[in-house]
*Asks:* 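Quick one: structure below, then a few questions.
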Amino acid sequence: KQEVTQIPAALSVPEGENLVLNCSFTDSAIYNLQWFRQDPGKGLTSLLLIQSSQREQTSGRLNASLDKSSGRSTLYIAASQPGDSATYLCAVRYSGAGSYQLTFGKGTKLSVIP
Amino acid sequence: GAGVSQSPSNKVTEKGKDVELRCDPISGHTALYWYRQSLGQGLEFLIYFQGNSAPDKSGLPSDRFSAERTGGSVSTLTIQRTQQEDSAVYLCASSFNGYEQYFGPGTRLTVT
């Protein structure tokens, strides 16, 4: 069974700190990996998508990396702000015929303290 | 442009009743997905539509769940004879040819 794991489940940091969220997956045969943000009671907002052939993607203060061989991805958030407080979800689309859906981790709940 | 929209945003129903949840994907997106987010369970895939191909129903938890997509656009997820364990947030997503998925705000279903 393909699994996606996110550690830690929750993280609290003071405003201004740089931080790293971790995601690991059991099968390296992936098509792409997406990082999402979810605010309480809301849907998912796509932050970054990394194709299997890519090593990293950047958007503003966010940088996501992908290491297929070790089955890991990280989301780096620079100079954190209280508005970054949310749950961050990692999702993998695996390769192979018929594999279109995303397999999600259970998320890391981030709190940025002013 | 308009994103993925879902209706209703909240639905409370009595056990045993049928419910219909609606999803309007982003215009031009060929693929549509339904997921369920239950407390403590994370996000689970339910069903996938791509163009005119037969849908992938492999994630539907029971035969009480069904979905259709009319005209390659709007989709309806139907749950018959609802049970309390069906209580969850139902999320719809769309993408262009299986690329990056964009999610709607979800429908929160509560079965009493």
Side-chain angles (χ1 to χ4, degrees), chain A residues 1-10 23-27 30-54 57 59 62 64 66 73 86-109, chain B residues 2-10 21 23-26 29-51 53-60 67 69 88-110:
Chain A
K1 179 184 176 184
Q2 296 159 337
E3 292 186 355
V4 178
T5 304
Q6 292 186 247
I7 295 173
C23 173
S24 62
F25 43 94
T26 53
D27 187 341
I30 71 169
Y31 183 81
N32 62 39
L33 183 146
Q34 263 183 279
W35 281 94
F36 294 89
R37 167 188 174 134
Q38 186 173 33
D39 293 281
K42 305 290 186 183
L44 277 62
T45 300
S46 180
L47 297 173
L48 290 164
L49 179 144
I50 310 179
Q51 294 286 47
S52 63
S53 59
Q54 298 174 321
Q57 282 286 342
S59 175
L62 305 180
L66 175 64
S73 175
T87 296
Y88 290 80
L89 294 160
C90 167
V92 172
R93 178 185 164 186
Y94 287 98
S95 303
S99 291
Y100 304 104
Q101 71 268 27
L102 294 174
T103 301
F104 283 84
K106 293 191 175 181
T108 294
K109 185 175 181 179
Chain B
V4 178
S5 61
Q6 293 186 244
S7 61
S9 56
N10 281 283
L21 312 179
C23 172
D24 280 273
I26 293 172
H29 277 191
T30 54
L32 187 147
Y33 314 75
W34 283 99
Y35 295 84
R36 178 169 71 174
Q37 188 173 30
S38 307
L39 194 62
Q41 294 294 322
L43 269 144
E44 306 170 276
F45 164 75
L46 296 177
I47 188 168
Y48 160 78
F49 296 89
Q50 170 65 47
S53 302
D56 175 357
K57 305 178 182 180
S58 60
L60 294 178
R69 189 179 185 193
V89 176
Y90 289 82
L91 291 161
C92 174
S94 70
S95 70
F96 181 72
N97 281 343
Y99 196 56
E100 187 169 3
Q101 294 186 27
Y102 295 88
F103 281 75
T107 293
R108 181 175 297 278
L109 175 66
T110 303

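Any value given below was found using the heavy atoms of this structure, including those in side chains, with hydrogens, waters and symmetry copies removed. First the proteins, then the strands, lettered A, B, ... as listed; each starts at 1.
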*Asks:* With chain A, which of B:P105, B:A31, B:S9, B:G42 has the greatest number of heavy-atom pairs at distances under 4.5 Å?
*Replies:* B:P105

*Asks:* Sequence neighbours left out, what passes side chain to side chain donor-acceptor pair (under 3.5 Å) with A:Q6? Give chain and number order.
*Replies:* none

*Asks:* From B:S53 OG over to A:Y100 OH, what is the distance, rounded to the nearest 0.5 angstrom?
*Replies:* 7.5 Å

*Asks:* Return the set of residues passing side-chain contact (heavy atoms from CB on, under 4.5 Å) with B:S38 (not counting sequence neighbours), or none when no residue passes.
*Replies:* B:R36, B:Q41, B:E44, B:A88

*Asks:* At a 4.5 Å cut-off on heavy atoms, which part of A:L102 comes close to chain B: side chain, backbone, both, or neither?
*Replies:* both

*Asks:* Measuring from atom NZ of A:K106 to atom CD of B:Q37, what distance do you get when rounded to the nearest 0.5 angstrom?
*Replies:* 11.5 Å

*Asks:* Between CD of A:Q34 and OG of B:S95, what distance do you get to the nearest 0.5 Å?
*Replies:* 9.0 Å

*Asks:* Which is it for B:E100 and A:S46 under the side chain to side chain contact (heavy atoms under 4.5 Å, CB included) test, yes or no, and what are the steps along the way?
*Replies:* CA-CA 8 Å; B:E100 187 169 3; A:S46 180; 2.6 Å; yes

*Asks:* Which is it for B:Y35 and A:F104 under the ring-ring contact (aromatic ring centres under 6.0 Å, His included) test, yes or no, and what are the steps along the way?
*Replies:* CA-CA 10 Å; B:Y35 295 84; A:F104 283 84; 5.6 Å; yes

*Asks:* Which class fits the ring pair B:F103 and A:F36: parallel under 30°, tilted 30 to 60°, perpendicular over 60°?
*Replies:* perpendicular

*Asks:* Would you mind reporting whether B:L43 and A:L44 have side-chain heavy atoms less than 4.5 Å apart?
*Replies:* yes

*Asks:* Taking C-beta and beyond as the side chain, do A:Q51 and B:Y99 meet within less than 4.5 Å on heavy atoms?
*Replies:* yes

